[in-house]
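All remarks here apply to the structure that follows.
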Amino acid sequence: MKSLQLLAPARDAEIARIALMHGADAVYIGGPTHGARAAATNSISDIAKLVRLAHGFGAQVYATLNTIIYEDEIASVENLVRDYWRIGVDALIVQDMGLLRMKIPPIALHASTQCDIRSVDKAVFLARCGFNQLVLPREFSLDQIREVRAAVPSDVVLEAFVHGALCVSYSGDCHASCVANGRSANRGECAQMCRMAYDLVDSNGRVLMRNKHLLSLRDMCRISDLEDMALAGISSFKIEGRLKDAAYVKNVVASYRRGLDEVIAKHPDSFCRASMGEVKLSFTPDLKSAFNRGYTDYFLTGTTRTNGSQRSHNMANFDTPKWIGQPVGSVVKSTPRMITAKLTAPLANGDGLGFFNKSGEFVGFRLNRIDGNQLFPATPVEIAPGTQLYRNRDTKRDAELTRDTATRLIPITMGLTTQNSLISLTIAINPHKVDLSGSGGSVTCTLRQPRSGGSVTCRPSASVTADCPYQNARTPQKETRLKILSKLGGTNYRLETLIDDIPDDQFIPASVLADLKREAIALLDAQIQATHHYEYRPAEQPCKYPEKALTYHDNVANSLAERFYRDHGVTSIEPALEIPKDQRPKTKDPLCVMTTRYCLRRELGACLKEGGAKPLPGPLYLKNKAATYRLDFDCPHCQMHVITTV
C-alpha cells in the first residue's frame, strides 16, 4: 500500500500551520538562507516549533535549500544543514550537487525541480546517488511519469506539482533574469522576465503581435488528474506558492485534500493517507476563487484540454499576467462616477473589479458602493458600454477566509477499567474517517502511522493508572465520566469512543479522571514524537552521469559540485553563469536563456510538426524596450529556445 502525500507551500511558520490544519501531509518552507525565495525566510527556532506541530500529526517538514551555492558559502551551508538535522527537519529540497560532498548528517535529500530531471537516465542517476525523492518536471506527461516509475527503485518517492504558477522554462534552466539584470533565478531572485510584455517581430522587422505577454503561462490545475497521477506512480502531490497568503493556502490545500481523499477512498487497497487527523472545514473550497491566471493541466495528458475540448490558446495568457478574476456582468452605460451594469453575480461594497480597456490593458478599481445594478467606483473610471466586468477581490469571501476555517483532530478511543483499587486509562488512535459529500458518505481511510511505510496493524497508544479506592455513587456515573474525558480542548485529539468497563455505581473523583487524561495524552504525544518516521539518505552508488560534458545550463557553482560530477565520469565542466565573468570562459556567442516545452508557434496554431494552418514564417523575435530575443524552434524535441541577440 502506497501513502499519498499532499505537500503544501509555506511562506512562514504560521502559514505552514494553516496548511497543516487544512489537510497538508507535509509542508515545505525556507530557512534563513538558500531557500530560493528571498522574500520567504524563516528562523531555525520558528521551523523547530513547526516541526513539533507537524510531527504531532505524523506530517513532515521539508526545508528548501534549493539555490546554487557559492564556494565561500560551503561552511555556512554545512552548519545550516546541521541545524535542520538537530531540530528534526524531515528532508532538504536541494539543487546543488555540492551537498553530496559536504560534511553533513545523513538527512534525506529531495532532488528539486531545479535539478531539471528531463530524462529517465537522469532520474535513475539521481536515485542511485542517494536521493530519497525526485521532483519531476512540470512538463512531464503521464507516460513519462510511468517510464520513470518503472526505472527507479520502488522506495524512491516521485513528486509532481499539481497546482500553481508555471515557469515557462524548464526549472533550473532559466537564465533570462541573470543575464538581463544580474538577478539569478537559481539564487531565488527571479525578475520574472516571462511575465513581461513583448512584441512578436519577424526577420524584416514587421510586428506580428504588439505588446502581448507571449511567454506568460497560465497557472497549473490538476485537481481532476490526481487519480491518474497516483496510478502512474506519483506519491507526493505538490502545490506551488511559497509567497502566497493564508487565504490562498487555505482554499487550495483544502481543495486538494478532498481530491486526494476521494482517490484513496476509491482505491482503499492501493493507497492510504500519509498523516493523521480529520479536517473539518467551515467553508467550501473553490479553486475558481483562488488567484490564478487561467488554468491549464500543461503537458500532463499530452495535449492541454479545457472542459474536454481543444483550445488554440490553452497554455499561455497573452493579455495579462495578473489575475483578472471571475466574470460578474457587463456595462450597460457609465459615467466616471457611476456604472450601470447587467450583473450575473451578487456584488458587495469593497469588492475589487476590473476590465480590459480599449488598449487591451487590464484596469482594476475598488467598488465603493452598490445600489441595485448601479456601481459606484471609489475612483473615477472610464469604461465603455458592453465591457465585460470581472471580480478579483470578493470581500465576503475574504472575510470568510480571514476567520479560523479548519480544525484537525485525531480521533481516539479511550478504555477505562478498574482492578482492585487501581484505575486504568488507555488511549488508542482510531482509523481515519473521511466525509466525502457526494461520494457515498463517510469512508474509512487507512493511515500511514509513525514508524511505518504504509498501513500498520498497531496504532499509537498510551496507558496510565492511578490508585483510587472503591466508592459507591448515589447516581449513575458513566455519563459524568464521558463528559470529563471528552474535554480535550488544546490537544490534537477528539474522543470518538469511550469503552467504560467500570460499574455505573462506582464513583471516581473528577480530579483523578482529569489527571489520568492529562497524563495519558502527554504520553501519547511523546510516543508519536519519539516514534516519528524519518527517512535517511542511502549510500551513494557507483554510477555514470548520462553526459560527459556540462555547460552553464547545469549550474555548477562550487568545487564540491564539480568534484561530484567528476566522480561520476564527467570530463568537461563549464561553470554557472552566476560565477564572476573572469572565472568563466570568454565568449561573444549568443546565450540560450530559456529552454521551454511551451512553443509559441504551437500556441498560435502554427506548429510545424502538426501542420498548423496559420502561416508564421521565421525567424521570429521577441522584443521590448529592455531586450530582444531570438526564438529557435527545436521541432524534433518539441522545444523552444529563447536566445540573446548580439
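For clarity, every value in this text was computed on a predicted model and none was experimentally measured. The analysis underlying the following values was restricted to heavy atoms, covering all of them including side chains, and did not include hydrogens, waters or symmetry mates.
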Side chain to side chain donor-acceptor pair (under 3.5 Å) partners of Thr595, counting only residues at least two apart: His641
Set of side chain to side chain donor-acceptor pair (under 3.5 Å) partners for Asp25, sequence neighbours left out: Arg257, Ser275
Those residues that, when tested against Glu227, pass salt bridge (charged side-chain N to carboxylate O under 4.0 Å, His left out) (two or more places apart): Lys266
Qualifying residues under salt bridge (charged side-chain N to carboxylate O under 4.0 Å, His left out), relative to Arg563, sequence neighbours excluded: none
Pairing residues for Asp116 by the side chain to side chain donor-acceptor pair (under 3.5 Å) criterion, not counting sequence neighbours: Arg118
Phe633: ring pair (Phe, Tyr, Trp, His ring centres under 6.0 Å) partners, not counting sequence neighbours: none
By ring pair (Phe, Tyr, Trp, His ring centres under 6.0 Å) - contacts of His110 (at least two apart): Tyr62
Which residues share a salt bridge (charged side-chain N to carboxylate O under 4.0 Å, His left out) with Arg101, sequence neighbours left out: Glu540, Asp567
Ring pair (Phe, Tyr, Trp, His ring centres under 6.0 Å) partners of Phe362, counting only residues at least two apart: Phe356
Residues in ring pair (Phe, Tyr, Trp, His ring centres under 6.0 Å) contact with Tyr621, at least two apart in sequence or another chain: none
Mutual orientation of the aromatic rings belonging to Tyr248 and His163 [parallel < 30°, tilted 30-60°, perpendicular > 60°]: tilted
All side chain to side chain donor-acceptor pair (under 3.5 Å) counterparts of Tyr84, not counting sequence neighbours: none
Those residues that, when tested against Asp121, pass salt bridge (charged side-chain N to carboxylate O under 4.0 Å, His left out) (two or more places apart): none
